Amino acid sequence: MHPSHLAPYAARRTRLLADMGAGLAIIPTAPERPRNRDNYHPYRADSYFWYLTAFPEPEAVLVLAGPRHPGEAPQSILFCRDKDEEQEIWQGFRYGPEGARTAFGFDAAYSINELDARLPELMADRPTLWHSLGHDSAWDERIATALNGVRAQARAGKRAPEEIRDLRSRLDAMRRVKDHHEIAVMGKAAAIGSAGHLRAMRACRPGMMEYQLEAELSYEFRRLGADGHSFNPIVAGGRNACTLHYDSNHQALKDGDLVLIDAGCEVEGYASDITRTFPVSGRFTSVQKDVYEIVLASQAAAIAASRPGVPFMTPHEATVRVLTQGMVDLGLLQGSVDGLLENGDYKRFYMHRTGHWVGLDVHDAGPYKDGDSWTLLQPGMTVTVEPGLYLRPGPGVPEALAGIGIRIEDDILITADGCAVYTTAPKTVADIEAVMRHDA
C-alpha cells in the first residue's frame, strides 16, 4: 500500500490514543482458519485491526500506549512475525518487525514471540486497559495472565490497571462515520460491484444454472481488481428468491421467472452490498412489473428520507408505508394502511429492516441506537437501502403472484444535504430490459 494511503490509518490511531489518555489498548488481528487438513481459507485481517493498521499479515497485534508521564509521547506498537527466509519460500513475503515499522509508520515493532513477556511492563502504572472483553476467551485469558504479571510486581511499586473498558464500543462509534479515504475506497467497491451485476444481467439466459450467473459476478469482480466477494452471493431464481438467505445457487433458471442476485465485492477490506432482481428472459411480465414497481417506489421513498438529522428508522418507515399500500393494491392485504402498519400484518411479505451500516463488514460495526433513541443519520454514514416483497405461496396469495420474490438494494452515503447513491447497476424496468436486449 502506498505511504500516502496509510495516513488515514495513522490518523485513526492518533484519534484513539487521544481518547485513551494514559491507557493501553490491545488489538489483535484474526487468526488463520483451516479449511481442511493443512489447507487454509484465504486470509482476511480482523476488521478492527485493519481499520487502525492496514497491516495484512496474520499473527499480529497492535498495542496503543498512551503517555504515562508528562512529556512522554504516545506510541503505536506492532507485534508481528519475524522475517523467515525458509517460510517465505513456501508462504510468501513477510515484513518482519523492522520492515513493518518502516513501511506502516509504527513507532516501534517487535517479534510476536515477545508479546507475552512485554505486556506486563506495557500495562504497568496505567489507569485503564482497553480490551474487547468477552469476544475471544483465549485473549481474555492471555490478558488476565498479563494483569497478574503486573500484580505480582506490586511490592516493586508496579500498579495494574484498575479499569478495563470495552475497546470495540469506542471503535464502533468511530467506524460508524466514514472518513474521506473510506468513502473513496467504498466508491470503488460500489463501482466494481455494480459492474458485476451489469455483467450478470447481460449474460443471463433461460436454462443457465444459478451458479453460472455467480461465476459471471466472480469474474467481473476479480477482473476489475476487487479482492473477491464480500459475502456468499445469493443467486435465487423463481421461488428461491422468497428465501432471504438462499445461497446454494444450484438450480436452473427458468423462462418466465425472475432471478434475484444479492452480491457485493470487497476492495481493500471494504464491502459493497447490492441486490438486483430481473427477468430471466429479459422481459418482465405485467404481474412481475406491478410488484417490481412497488418495491422500486418504496426504495425511492427510503432514499428521499435519508438525510442528516433524521433517525435511522425513518427511511424504513417510509419504505414500509409504500410497500403496505402496494400490498393492498395487489390484494394481498385488506384494510387501511395505518391499521396494517399498526398491527404489523405487512410483515408476512416484508419481514426485514430496510437497511444496515456497510463498511469494513457487510453488516458494519456501530450501534443503531444512542441510548433509547434511534441514531440520527449524519454525513459520512454509509447505509444500505434494500426493500423487498416475498410472496411465498400460501393462503391469501393469488396464484399469479405466488413465488415472486423481489429485492432492490443500493449503498448510500449520507451527505451534508441528503444522500448520494454509490451503486449504479440498472434498476428501472426500462433500463433492465434495455440491458438484457443488449441495447445499453
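Computed from a predicted model, the values in this text were never measured in an experiment.
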Q. Does any N or O in the side chain of Thr277 come within less than 3.5 Å of the main-chain N or O of Ile406, such that one atom is a donor and the other an acceptor?
A. no
Q.
Less than 3.5 Å apart, any donor N or O on the side chain of Glu266 or Ser230 sitting next to an acceptor on the other?
A. no
Q. Glu121 and Arg118: salt bridge (charged side-chain N to carboxylate O under 4.0 Å, His left out), yes or no, with the steps?
A. CA-CA 6 Å; Glu121 177 56 34; Arg118 288 182 178 271; over 6 Å; no
Q) Ion pair present between Arg142 and Asp116, side-chain N to carboxylate O less than 4.0 angstrom? A) yes
Q: Hey, could you give me the CG/CG distance between Asn39 and Asn36, rounded to the nearest 0.5 Å?
A: 5.0 Å
Q. Looking at CG of Asn240 and CD of Gln251, how far apart are the two atoms once the value is rounded to the nearest 0.5 Å?
A. 4.5 Å
Q: Show your reasoning for whether side-chain contact (heavy atoms from CB on, under 4.5 Å) applies to Cys204 and Leu213.
A: CA-CA 7 Å; Cys204 187; Leu213 273 193; 4.0 Å; yes
Q | Beyond-backbone contact of Ile303 with Val421, side-chain heavy atoms, under 4.5 angstrom | A | yes
Q. Should the pair Arg13-Asp107 be classified as a salt bridge under the 4.0 Å nitrogen-to-oxygen rule?
A. no
Q. Do Cys265 and Asp227 come within less than 4.5 Å of each other through their side chains, counting heavy atoms only?
A. no
Q.
Can you give me the closest heavy-atom contact between Ala305 and Val310, atom names plus distance?
A. O-CG2, 3.5 Å
Q. Where does the angle between the aromatic ring planes of Phe55 and Phe49 fall among parallel (under 30°), tilted (30 to 60°) and perpendicular (over 60°)?
A. perpendicular
(Q) Tell me the closest heavy-atom pair linking Met186 and Ala271, and the distance in Å. (A) CE-O, 4.0 Å
Q) Within 45° of the axis and under 6.0 Å from the centre of the six-membered ring of Tyr40, does NZ or CZ of Arg33 qualify? A) no
Q.
Please give me the minimum heavy-atom distance between Thr423 and Asp411, naming the atom from each residue.
A. OG1-N, 3.0 Å
Q | Carboxylate-amine/guanidinium contact Asp179 Arg12, below 4.0 Å | A | yes
Q.
Checking side-chain polar atoms at under 3.5 Å, does Asp82 have a donor or acceptor matched by the opposite partner on Ser111?
A. yes
(Q) Tell me whether Arg159 at atom CZ has more than 12 heavy atoms from other residues, nucleotides or ligands lying less than 6.0 Å away. (A) no
Q) How many angstroms lie between SG in Cys80 and CD1 in Ile112, if you round to the nearest 0.5 Å? A) 7.5 Å
Q. Between the side chains of His352 and Tyr390, is a donor N or O closer than 3.5 angstrom to an acceptor N or O?
A. yes
Q. Heavy-atom distance under 4.5 Å between the side chains of Trp139 and Ile26, does that happen here?
A. yes
Q. Can you check whether Asp417's main-chain N or O pairs, donor with acceptor, with Arg307's side chain at less than 3.5 Å?
A. no
Q) Quick one: are Pro315 and Thr354 in side-chain contact, heavy atoms under 4.5 Å? A) no
Q: With rounding to the nearest 0.5 Å, note down the distance linking OG1 in Thr324 to CD1 in Ile294.
A: 10.5 Å
Q) Do we get Arg176 above Tyr368's six-membered ring, with its NZ or CZ under 6.0 Å from the centre and within 45° of the axis? A) no
Q: Kindly indicate whether the side chain of Thr415, heavy atoms from C-beta on, has any atom under 4.5 Å from the side chain of Met381.
A: no
Q: Check the pair His131, Asp140 against side chain to side chain donor-acceptor pair (under 3.5 Å), reporting the backbone distance first and the verdict last.
A: CA-CA 9 Å; His131 168 57; Asp140 289 347; 2.9 Å; yes
Q. Is there a donor-acceptor contact under 3.5 Å linking the side chains of His245 and Asp262?
A. no
Q) Parallel, tilted or perpendicular for Phe284 and Tyr292, by the 30°/60° rule? A) tilted
Q: Kindly say whether the aromatic ring centers of Tyr9 and His181 come within a distance under 6.0 Å.
A: yes
**Q.** Check: Glu386/His356 side-chain N/O donor and acceptor closer than 3.5 Å
**A.** yes
Q.
Tell me if the centroids of the rings in Trp357 and Phe312 come within less than 6.0 Å of each other.
A. yes
Q) Shortest non-hydrogen contact from Ile261 to Ala200? A) CD1-CB, 3.8 Å
Q) Should we count CD of Glu85 as having more than 12 external heavy atoms under 6.0 Å? A) no
Q | side-chain contact (heavy atoms from CB on, under 4.5 Å) assessment of Gln299 paired with Thr319 | A | CA-CA 6 Å; Gln299 194 204 36; Thr319 282; 5.9 Å; no
(Q) Looking at every non-hydrogen atom in both residues, tell me the closest pair between Ala108 and Arg101 and how far apart they are. (A) CA-CD, 4.0 Å
(Q) Between Ser47 and Asp361, is there a side-chain donor-acceptor contact under 3.5 Å, judged purely by atom types and distance? (A) yes
Q) So do the side chains of Ile143 and Leu129 get within less than 4.5 Å of each other, counting heavy atoms only? A) yes
Q. Would you call Lys188-Glu268 a salt bridge at under 4.0 Å N-O?
A. no
Q: Indicate whether any N or O donor in one side chain lies under 3.5 Å from an N or O acceptor in the other, for Asp172 and Tyr48.
A: yes
Q) How long is the gap from CG on Leu389 to CD1 on Ile404, to the nearest 0.5 Å? A) 9.5 Å
(Q) Show, in sequence, the C-alpha distance, side-chain angles and deciding distance for Met201 and Ile432, and conclude whether the side-chain contact (heavy atoms from CB on, under 4.5 Å) test is met. (A) CA-CA 8 Å; Met201 287 181 190; Ile432 289 171; 4.1 Å; yes
Q. Rounded to the nearest 0.5 Å, what separation is found between the CG atom of Asp410 and the SG atom of Cys419?
A. 10.0 Å
Q. Do we see a donor-acceptor contact under 3.5 Å between the side chains of Asp84 and Gln91?
A. no
**Q.** Mutual orientation of the aromatic rings belonging to Tyr350 and Tyr346 [parallel < 30°, tilted 30-60°, perpendicular > 60°]
**A.** tilted
**Q.** Any side-chain heavy-atom pair of Glu182 and Pro8 under 4.5 Å
**A.** no
(Q) Go through it in stages, so that I can follow the logic: the residues are Ile412 and Ile414, the test is side-chain contact (heavy atoms from CB on, under 4.5 Å), and I'd like the CA-CA distance, side-chain angles, deciding distance and then a yes or no. (A) CA-CA 7 Å; Ile412 68 169; Ile414 305 301; 4.1 Å; yes
Q. Between Ala263 and His197, what is the shortest heavy-atom contact and its length?
A. O-NE2, 3.0 Å
(Q) Please check this pair: side chain of Glu409 against backbone of Thr384, looking for a donor-acceptor N/O pair closer than 3.5 Å. (A) no
Q: Identify the residue among Glu98, Glu88, Glu57 that makes a salt bridge (charged side-chain N to carboxylate O under 4.0 Å, His left out) with Lys83.
A: Glu88
Q. Strictly under 6.0 Å, is that where the ring centroids of Tyr219 and Phe221 end up?
A. no
Q. Are there more than 12 heavy atoms of other residues, nucleotides or ligands under 6.0 Å from atom NZ of Lys289?
A. no
Q: Evaluate the side-chain proximity of Lys427 to Leu296: yes if any heavy-atom separation is below 4.5 Å, no if none is.
A: yes
